[in-house]
Amino acid sequence: MQHVFTRFSRYSWVALCLLLVACHTDMYSQPKYQPNDPSEFFEDGRANRPPVPNTVALGNYEADPAFLTGVDAAGELVSELPIELTMDLVQVGQVRYNSYCMPCHGLVGDGNGIIAQRGPIVVPSFHTDRLRSIQVGYLYDVITNGVGRMYSYGARVEPADRWAIVAYMRSLQLSQNGNFDDLTPEQQQSLESAGGQ
Ligand code: HEC
């Protein structure tokens with residue numbers, strides 16, 4: 001036995017050491033792309049993948065406090081949407097509202113959602129003078145941070161979608177507090193003729 005071991009040491013230790021030294025290069029020299037290498041795998045022939053839309057270069061992020069928090073640089077709740085009001089925005093808001101808020105606040109924001117109907121919680125209506133005249137920044141803040149017994153949605157709804165929900169809440173408020181005079185003459189006419197039938 002000792003004979004075998006001695007022979008092994010004599011002839012093989014050096015080779016074994018070389019093998020072990022070589023081991024660490026396995027990962028290092030594996031096939032992989034270096035930055036800016038060409039690639040036949042992707043259609044554009046580049047190994048680098050373009051950054052996803054809205055990627056901000058490191059060190060170039062300029063936070064817009066009004067957009068992100070609903071409070072402007074002077075510390076005041078904003079009273080105008082910090083995002084362009086379009087039909088698309090309101091429609092996105094409708095989808096998000098119906099997913100996140102409707103179960104409690106109801107389809108039209110009267111606080112009569114299915115959870116409110118079945119559960120022990122009392123959910124307020126959006127159709128009060130106070131909430132109709134409150135700054136949009138306040139509504140945004142309620143979604144972001146929650147209020148009283150209402151949980152915050154900041155972690156689940158991204159800022160642009162929160163503003164979309166605010167825009168939709170404003171349209172719900174209008175829809176429940178509308179006036180005949182708000183309609184265009186054509187709409188008034190078609191309503192009158194529908195009513196007369
Ligand atoms: C699980 C039920 C539930 C959900 C879901 C929910 N809310 Fe509420 N919300 C409440 C309750 C309860 C209150 C009353 C909180 C209090 O005053 O203690 C409330 C209050 C409010 C108020 C009134 C705040 C005030 O000052 O009177 C607004 C505005 C509001 N919620 C908006 C939303 C929006 C927008 C969403 C969706 C992003 C939403 N809520 C989702 C239960 C809910």
Side-chain angles (χ1 to χ4, degrees), residues 51-184 186-188 190-191 194:
V52 295
N54 301 326
T55 301
V56 178
L58 200 64
N60 281 350
Y61 181 58
E62 283 176 24
D64 174 354
F67 177 75
L68 292 176
T69 63
V71 175
D72 64 20
E76 301 286 329
L77 287 166
V78 297
S79 46
E80 305 249 321
L81 282 183
I83 185 171
E84 196 190 347
L85 177 61
T86 60
M87 199 55 180
D88 277 352
L89 185 78
V90 178
Q91 280 166 349
V92 168
Q94 180 178 33
V95 174
R96 298 289 180 271
Y97 176 88
N98 287 349
S99 307
Y100 291 108
C101 323
M102 185 190 69
C104 288
H105 285 280
L107 203 58
V108 295
D110 56 4
N112 206 19
I114 196 74
I115 294 179
Q117 285 174 36
R118 298 202 178 164
I121 59 168
V122 176
V123 181
S125 164
F126 299 148
H127 310 301
T128 59
D129 285 343
R130 183 178 74 85
L131 288 180
R132 265 197 294 266
S133 55
I134 211 143
Q135 300 96 319
V136 284
Y138 178 79
L139 301 176
Y140 180 90
D141 180 70
V142 168
I143 303 175
T144 310
N145 299 311
V147 61
R149 291 199 299 157
M150 183 186 131
Y151 196 75
S152 81
Y153 284 79
R156 278 165 283 181
V157 185
E158 63 169 83
D161 285 354
R162 284 178 233 161
W163 286 115
I165 292 177
V166 169
Y168 183 65
M169 286 165 77
R170 277 288 188 243
S171 74
L172 283 181
Q173 289 176 323
L174 262 179
S175 79
Q176 299 303 300
N177 196 41
N179 207 312
F180 190 67
D181 298 335
D182 297 337
L183 300 174
T184 63
E186 296 81 45
Q187 288 169 329
Q188 291 183 353
S190 76
L191 201 65

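Computed from a prediction, not measured in an experiment: that's the story for all the values here. Ligands are counted one by one from 1 in listed order, and the atoms in each one are counted from 1 as well.
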Exercise. Show your reasoning for whether side chain to side chain contact (heavy atoms under 4.5 Å, CB included) applies to Arg162 and Tyr100.
Key: CA-CA 11 Å; Arg162 284 178 233 161; Tyr100 291 108; over 6 Å; no

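- In this structure, of Tyr151, Tyr153, Phe126, the residue bringing a heavy atom nearest to atom 5 (C) of ligand 1 is Tyr153.
- Side chain of Asp72 to backbone of Glu76: a donor-acceptor contact under 3.5 angstrom is found.
- The distance from the CG atom of Leu172 to the CZ atom of Arg132 is 12.0 Å, given to the nearest 0.5 Å.
- In terms of protein heavy-atom proximity, atom 15 (C) of ligand 1 is closest to Val147 O, 3.5 Å.
- Note that atom 31 (N) of ligand 1 has protein non-hydrogen atoms nearby, at separations under 4.0 angstrom.
- Counting heavy atoms under 4.0 Å from ligand 1, residue Tyr138 touches it through the side chain alone.
- Between Tyr140 and Trp163, the ring planes are parallel. Angles under 30° get that label, and only those over 60° would be called perpendicular.
- The closest heavy-atom contact to atom 37 (C) of ligand 1, among the options Ala116, Cys101, Ser99, comes from Cys101.
- Of all protein heavy atoms, the one closest to atom 27 (O) of ligand 1 is Arg130 NH2, 2.4 Å.
- To the nearest 0.5 Å, atoms CG (Asp161) and OH (Tyr97) are separated by 15.5 Å.
- Looking at atom 14 (C) of ligand 1, its nearest protein heavy atom turns out to be Pro124 CD, 3.4 Å.
- Nearest non-hydrogen protein atom to atom 17 (O) of ligand 1 is Gly148 CA, 4.5 Å.
- Looking at Ile165 against ligand 1, only its side chain comes within 4.0 Å, counting heavy atoms.
- The CE atom of Met102 lies 10.0 Å from the CD atom of Gln94; values are rounded to the nearest 0.5 Å.
- The shortest N or O to N or O distance between Arg149 and ligand 1 is below 3.5 Å.
- Closest protein heavy atom to atom 23 (C) of ligand 1: Leu131 CD1, 4.0 Å.
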Exercise. For side chain to side chain contact (heavy atoms under 4.5 Å, CB included), just list the numbers for Phe180 and Leu191, CA-CA rounded to whole Å, side-chain angles, deciding distance to a tenth of an Å, and then say yes or no.
Key: CA-CA 9 Å; Phe180 190 67; Leu191 201 65; 3.9 Å; yes

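- Nearest non-hydrogen protein atom to atom 22 (C) of ligand 1 is Val142 CG1, 4.0 Å.
- The protein atom (non-hydrogen) at minimum distance from atom 2 (C) of ligand 1 is Cys104 SG, 1.9 Å.
- With a cut-off of 2.8 Å, atom 8 (Fe) of ligand 1 has an N, O or S atom of His105 in range.
- By the criterion of a heavy-atom distance under 4.0 Å, the backbone of Val122, and not its side chain, is placed next to ligand 1.
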Quiz item: Going through the checks in order, is the side chain to side chain contact (heavy atoms under 4.5 Å, CB included) test met by Gln176 and Asp110?
Solution: CA-CA 9 Å; Gln176 299 303 300; Asp110 56 4; over 6 Å; no

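- Separation of atoms CZ (Arg149) and SG (Cys104) is listed at 10.0 Å; rounding is to 0.5 Å.
- With hydrogens and angles ignored, the 3.5 Å screen pairs a side-chain donor or acceptor of Gln173 with a backbone N or O of Leu131.
- The atoms of ligand 1 that sit less than 4.0 Å from any heavy atom of Ile143 are 35 (C), 38 (C).
- Atoms of ligand 1 found under 4.0 Å from any heavy atom of Leu139 (numbered from 1 in listed order, with element): 29 (C).
- When heavy-atom distances to ligand 1 are checked against a 4.0 Å cut-off, Arg162 has no atom that comes that close, whether in backbone or side chain.
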Exercise. Please step through side chain to side chain contact (heavy atoms under 4.5 Å, CB included) for the pair Arg96 and Tyr153, ending with a clear verdict.
Key: CA-CA 11 Å; Arg96 298 289 180 271; Tyr153 284 79; over 6 Å; no

